[in-house]
Structure formats: structure tokens, C-alpha cells
Protein chains: 2
Amino acid sequence: MSKPNPAASPPKHDVFQAIADPTRRGLLLLLVDQEMPVTAISSHFPMTRTAVSKHLRILEEAGLVKERKVGRETRYRLDADPLRELKSWLAFYERFWENKIESLRRYVESDDTDPQQQGEDAAKS
Amino acid sequence: MSKPNPAASPPKHDVFQAIADPTRRGLLLLLVDQEMPVTAISSHFPMTRTAVSKHLRILEEAGLVKERKVGRETRYRLDADPLRELKSWLAFYERFWENKIESLRRYVESDDTDPQQQGEDAAKS
DNA sequence: TTGACATGAAACCAAATGGTTTCGTATACT
DNA sequence: AGTATACGAAACCATTTGGTTTCATGTCAA
């Protein structure tokens, strides 16, 4: 009925969508073990500070990043916690690619002649 | 040498971007254990067949879905394999939220008040 | 106080995205 | 042969997205 809403983190933005952009993934990586102000962050990317700032906001709305005001600067740091949702989403599918590995293993062990026969797309190109 | 080269799927579209859309995630879920033709698939979504078809194409370009022509219909099925990339991307960040769990656990053990009630960042200040 | 630095807000823009309708074509059914 | 079904392609449209430039505000340093 009522979703548990496990923590008081109301993700205004989807974590799936947040990590869809390569720049945003780069930001997460950069902030992985250090807290950084915007200008320093943006020096690592080929776009304006403002653009980076907007990406940071999206990450923040997804809960993937926390900001802290220090004097005249705003420092950001990673918060990997929302990625747990991604993890659990992924976990569901894990068995399906494991199946695939299984069948590939069986295939390799049996004999490696004529992959075409097994159909599938193993030999598609 | 004569190995099938298991990663013979050149992903034209990003898997990150492919799963960013909720409709597309719904499609993956639907195709998880059955192969289905487009019309049957689209009956599960509140949009036109053509729209669903376009989503399927994006999934296909990301390698997350395989298509097979059977008579006049095109049947789609899940291929979870590209999700392994996501998994390895995620694996890197795992230790960061584990840190967080660790500290939360320590926090909980030191005092038995329900952390839920206090909101997640109770320890923040 | 004056000026430099750090940042966000706003207005703006081009391209991508998610959707639609229309139409053509291949396959199946009688 | 003729009709219905399954589908993709194309043209089109509104909104979102990712980026820019400009401007206002707050803070630090001399």
C-alpha cells in the first residue's frame, strides 16, 4: 500500500536518467573520493561552468551527490546510496545473462565445430 | 581462435541511455522470459504500436533485445548480456554505499532509536 | 571600500527524444 | 484473387535536454 519510503530521500530525478549522461557519470567518478567546488570540477570538462553546474543539480536531485556551502563556494561530493536501487534492478536480470554464460560454456565444452547450428546469434557476424 | 567471440555485439546505442526510459525498462521486463511479436507487446503499453516499435529498436541497438522474423511478425526477446557492463560500472561504486551502510550500522548499534524516524542524514549534524 | 572570485538564475537556442498519423509492403487466410 | 494482419518508414510535432551567454549576488582579500 504505502511505499516504505525507506529514507527521507525523495528522489526528484530518476537515478536511471541521471546516470544516462556520460558527463554525469564522469562527474560521479571525479567526486568519488573528494569534495570539490564547482569551478574546480568544471575544469575537468569541455564545457562551461554553468553547464557543469546544471549537471550537478540533476545529480543532486537524484540524490547521487550532496552539496555543502563553504564560504563563497559550493562543494560537491558523491553519495552512492541511490545506486542501490540500480543494483537491485540489475540483480533481477542477473540470472538471465548467467544463463547465457551457462549455455555458452556448455557449447564450448561440447565441441567447437559449426557454431551456426546452435542458432542464436553467437555467430551473427 | 575459433571461439565464437561472445562479445560480438557492437552496441550502437548506449545501454545506460537505453534503460533510462521507464517504458523501455517495462519492455525488458515483459520480454524477460518470452519471445513476443510487436503488436502483442504494444498492447501492454499506453501508446501506439509505432512508438513501442521505436523503443524496441533502441533496445535492439543497445543489444538488450534480439529480434527474429517469423512470417509476417517480428518477435523480440530479451538479451540481458549488455547489462553486464552496467554491473561492472556499478561494482566500482559498491564500496561507497557499503561504507555508508557500515556507518549506519554502527550508528544503530550505539543507540536503539529507530533511524527511519530521524531521517537518513540524522548523523549529518 | 573596492575589486576579484565563486556561483546560481534567466533567457535563449539547437538538437534529441518521445510521441503521433499516414502510407507502403510483405505475409497469411479464405 | 482479394482481404485482413503485422510491421516499418516517413513526415511531422511538442517537449526535454544539453549547451551557451549575460547578469546579479554573495564572499574573500587588500
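A, B, ... follow the sequence lines: proteins, then strands. Residue 1 opens every chain. These values consider heavy atoms only, across backbone and side chains, with no hydrogens, waters or symmetry-generated copies.
- Looking at A:Glu67 and A:Arg75, their side chains never come closer than 4.5 Å, going by heavy atoms from C-beta outward.
- The separation between A:Arg57 atom CZ and D:dT16 atom P is 18 Å, rounded to whole Å.
- Going from atom CD of A:Glu60 over to atom P of C:dG8 covers 10 Å, rounded to whole Å.
- For A:Arg25 and B:Phe16, the positive end sits near the middle of the six-membered ring, less than 6.0 Å away and at most 45° from its axis.
- Remark: C1' of D:dA14 and CE of B:Met47 are 16 Å apart, rounded to the nearest angstrom.
- For the atom pair A:Arg24 CZ and A:Leu56 CG, the distance stands at 10.5 Å (nearest 0.5 Å).
- Results of the side-chain contact (heavy atoms from CB on, under 4.5 Å) test with A:Phe96 over B:Val32, B:Asp79, B:Leu83, B:Asp81 single out B:Val32 as the only residue that passes.
- Regarding B:Leu27, its CG atom lies at a distance of 12 Å from the P atom of C:dG18, rounded to whole Å.
- Remark: the B:Lys54 side chain and the C:dG18 base include no donor-acceptor N/O pair separated by less than 3.5 Å.
- One atom, CG of A:Asp21, and another, C1' of C:dT17, lie 14 Å apart when rounded to the nearest Å.
- For the pair A:Leu56 CG and C:dA9 P, the computed distance is 13 Å after rounding to whole Å.
- Taking every side-chain heavy atom of A:Val38 into account, C:dG8 is the closest of D:dC7, C:dG8, D:dG18.
- Atom P of nucleotide D:dT16 and atom CD of A:Glu61 are separated by 14 Å, given to the nearest angstrom.
- Look at B:Arg75 and you won't find any side-chain N or O under 4.0 angstrom from OP1 or OP2 of D:dA6.
- B:Tyr76 comes within 4.0 angstrom of sugar-phosphate atoms only, judged by non-hydrogen atoms across all strands, and of no base.
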Worksheet item: Taking protein heavy atoms under 4.0 Å as touching, what does nucleotides 22-29 of chain D look like 5' to 3' if B marks base contact, S marks sugar-phosphate-only contact and - marks none?
Response: ----BBS-

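- Expressed to the nearest 0.5 Å, how far CZ of B:Arg77 lies from CG of B:Asp33 amounts to 13.5 Å.
- For D:dG19, neither phosphate oxygen OP1 nor OP2 lies less than 4.0 angstrom from any side-chain nitrogen or oxygen of A:Thr48.
- Of the side-chain N and O atoms in A:Ser53, none sit less than 4.0 angstrom from OP1 or OP2 of C:dT7.
- In terms of phosphate contacts, A:Thr39 brings a side-chain nitrogen or oxygen within less than 4.0 Å of OP1 or OP2 of C:dT7.
- Dashed line: the shortest gap from a side-chain N or O of B:His55 to OP1 or OP2 of C:dG19 is under 4.0 Å.
- Between B:Lys66 and B:Glu60 there is no salt bridge, since no side-chain nitrogen of the basic residue lies less than 4.0 Å from a carboxylate oxygen of the acidic one.
- In this structure, the CG atom of B:Asp14 is 11 Å from the P atom of C:dT17, given to the nearest Å.
- Distances shorter than 4.0 Å separate some side-chain N or O of B:Gln17 from OP1 or OP2 on C:dT17.
- Of the listed nucleotides (C:dG19, D:dG18, D:dG19), D:dG19 has the atom at the smallest distance from the side chain of A:Thr23.
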